[in-house]
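Remarks on the structure that follows.
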Protein chains: 2
Amino acid sequence: MCIGIYPDLSRLHQGQGGKGVQKSSIWVNFPIMARTSDKRERLIQAADRLVLRQGFKQTTLSDIASDAGVPLGNVYYYFKTKEDIGETIVRMRIERIQEWLEACSNEPEPRDRLLKFLDYPASHRDEIAESGCTLGTLSYELRRSDTRLNALAHSLVGVLLDWAEQQFTAMGRSDAHELALQFTSNIQGMSLISNVLDDPEVIDSMVVRTRQWLEALSM
Amino acid sequence: MCIGIYPDLSRLHQGQGGKGVQKSSIWVNFPIMARTSDKRERLIQAADRLVLRQGFKQTTLSDIASDAGVPLGNVYYYFKTKEDIGETIVRMRIERIQEWLEACSNEPEPRDRLLKFLDYPASHRDEIAESGCTLGTLSYELRRSDTRLNALAHSLVGVLLDWAEQQFTAMGRSDAHELALQFTSNIQGMSLISNVLDDPEVIDSMVVRTRQWLEALSM
DNA sequence: GTCTATAAGAAGATAGAC
DNA sequence: GTCTATCTTCTTATAGAC
């Protein structure tokens, strides 16, 4: 059983700020390679970083603006509301996880794809211990908000869940759905514990154990 | 390896509101069985409920006051700051989990104690799907705050972790620490997934699988 | 497109009458 | 102890000059 259709992600890197050719006389000589401001991108990156560390509600537009080196008032040229920034972050994080899942899908064997996935938490152990999982922390928080972001929260873990189920199905397991729950649950659980205890070694040992679990599974 | 000493919980049900004998002439006839207001308790219960559903930051004092049927200004008679309410909730939740752990400890066999613990998530499946784990949601959020509550966050999962390690040690397992991490991680993971997907069945199937895992462990 | 100043509203906290 | 009114600060959002 899959979670279903996810929201359209195609609008991800757009925005009312646009990316049109710079009209100012300074750049009029470079009509094709027109240099555009990277402020929108800086704002997104700053927001993503701060939201990971502080949570969405806790992070103010002022935090984001100053971290990105953009005046507060200018933020509203790129984003109509704070919620829009949140939505952009969610969609970006979903895209990132999808990219990693596609990379893992290059492995010929489904079991190896799942094993490969674990390279991500393993190589981000310190970041996870400091701030938690980029999917879990945000989805857990957004699930508690009464904005439209609430509805988007499930996709953050849903993409991983569905992908994992596909792999277990490819392994010929009839309990693929439950195994996928177990796999995703393991990742979210270790991230939460590691973060709360501020201990990256939790990731180390739990990744090892999850690998052993995968390797012991019959096909 | 245990997490360490937890904060002193003895002050839990105290507060500057106190519980002294009611001095008003109305109750002067009942100096011993003096009736005291239950407002403080109502505020705590309301706060606990709302924080579970909405998160601590998201929950306003106004929310808490009106849910408890107490005027906003009166809240400050019982709690000096909002942070104090948060601390009270954390300590109460820690006490609650400790009580359940003690109840489980009545089982003669350590493995049965761990199995017994799982009755809790199993019987609270709907609540967890709707609002998440009372320990995990709060500790994950508080870990992101820069208040003194941050330091308290690790105790929320730490008590469970230490208790589980004791049981695995009693089972004669040399990898008791890692097994405890796995056990706690399972509980937190299933709670997060169940909540994000809004699906209590996640708890059902993951509890079954965790029980199977425990039963298959050698002593 | 950019930036300063500021409006508008929410939320924590306090004053002081009763 | 209780409650209303209000202060203060923080935060989102807008106005409008450049």
Side-chain angles (χ1 to χ4, degrees), chain A residues 14-28 34-43 46-47 50-51 54-88 145-149, chain B residues 14-28 30 34-43 46-47 50-51 54-89 145-149:
Chain A
Q14 298 175 15
Q16 71 272 35
K19 297 244 173 166
V21 172
Q22 169 65 264
K23 292 298 198 335
S24 148
S25 59
I26 301 175
W27 306 117
V28 77
R35 288 177 57 177
T36 56
S37 165
D38 64 341
K39 280 184 177 153
R40 185 184 155 87
E41 189 57 29
R42 291 214 312 272
L43 285 167
L50 290 166
V51 167
Q54 310 177 342
F56 180 67
K57 174 87 180 174
Q58 191 83 16
T59 301
T60 68
L61 292 172
S62 174
D63 289 339
I64 297 170
S66 66
D67 194 82
V70 173
L72 177 58
N74 200 1
V75 172
Y76 286 90
Y77 177 76
Y78 296 98
F79 299 95
K80 204 155 67 76
T81 64
K82 185 188 177 185
E83 215 180 321
D84 283 350
I85 298 182
E87 185 172 339
T88 305
S145 75
D146 52 0
T147 67
R148 68 186 144 86
L149 296 181
Chain B
Q14 296 176 15
Q16 73 272 30
K19 299 244 172 162
V21 171
Q22 170 64 265
K23 292 296 196 337
S24 148
S25 59
I26 301 175
W27 307 115
V28 76
F30 306 89
R35 288 176 58 176
T36 56
S37 164
D38 63 341
K39 280 184 177 156
R40 184 185 156 87
E41 190 56 29
R42 291 214 311 272
L43 285 167
L50 289 167
V51 167
Q54 309 177 343
F56 180 67
K57 174 84 179 175
Q58 192 83 12
T59 301
T60 70
L61 291 172
S62 172
D63 289 339
I64 297 170
S66 65
D67 194 80
V70 174
L72 178 57
N74 200 2
V75 172
Y76 287 90
Y77 177 77
Y78 296 98
F79 299 95
K80 206 155 65 75
T81 64
K82 184 188 178 186
E83 216 179 322
D84 283 350
I85 298 182
E87 187 172 338
T88 305
I89 292 174
S145 76
D146 53 0
T147 67
R148 67 187 145 85
L149 297 181

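In what follows, chains carry the letters A, B, and so on, assigned in the order in which the sequence lines appear, proteins first and then strands, with residues in each chain numbered from 1.
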Residue pair [X] / [Y]: nearest heavy atoms and the distance that separates them:
X	Y	answer
T59(A)	L50(A)	OG1-O, 3.4 Å
P71(A)	A65(A)	C-CB, 4.3 Å
Q54(A)	Q58(A)	O-CB, 3.0 Å

Starting at [atom1] of [X] and ending at [atom2] of [N], how long is that distance when rounded to a whole Å?
X	N	atom1	atom2	result
I64(A)	dT12(D)	CD1	C1'	11 Å
L43(A)	dG1(C)	CG	P	14 Å
N74(A)	dA5(C)	CG	C1'	14 Å

Residue P71(B), side-chain atoms from C-beta onward, closest of dC3(D), dT2(C), dC3(C)
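Among dC3(D), dT2(C), dC3(C), the one nearest the side chain of P71(B) is dC3(D).
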May I ask you to test the F79(B)-R40(B) pair for a side-chain heavy-atom distance under 4.5 Å?
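A side-chain contact exists here, since the closest heavy-atom pair is under 4.5 Å.
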Quick one, I64(A) and L43(A) - any side-chain contact, counting heavy atoms below 4.5 Å?
yes
To the nearest 0.5 Å, tell me how far I85(A) CD1 sits from Y78(A) OH.
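So the gap between those two atoms works out to 12.5 Å.
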Between Y77(B) and dT2(D), is there a side-chain N or O to OP1/OP2 distance below 4.0 Å?
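So the side chain of Y77(B) is outside the cut-off, no N or O lying under 4.0 Å from OP1 or OP2 of dT2(D).
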Taking only side-chain N and O atoms of Y78(A), does any of them lie within less than 4.0 angstrom of OP1 or OP2 on dG1(C)?
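Indeed not, no polar side-chain atom of Y78(A) lies that close.
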End axis versus end axis in the helix from dG1(C)-dC18(D) to dC18(C)-dG1(D), the angle rounded to 10°, five pairs used at each terminus
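Computed angle between terminal axes is 10°.
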Under 3.5 Å, which N/O atoms of the protein pair with N/O atoms of nucleotides 9-13 of chain C?
residue: dG12(C); atom: OP1; partner: K82(B); partner atom: NZ; Å: 3.1
residue: dG12(C); atom: OP2; partner: L61(B); partner atom: N; Å: 2.8
residue: dA13(C); atom: OP2; partner: K82(B); partner atom: N; Å: 2.8
residue: dA13(C); atom: N7; partner: Y76(B); partner atom: OH; Å: 3.3

Worked verdict on D84(B) versus K80(B) for salt bridge (Lys or Arg N to Asp or Glu O under 4.0 Å):
CA-CA 7 Å; D84(B) 283 350; K80(B) 206 155 65 75; 5.3 Å; no
Row check, F56(B) ring normal vs K82(B) NZ/CZ: under 6.0 Å, within 45°:
yes
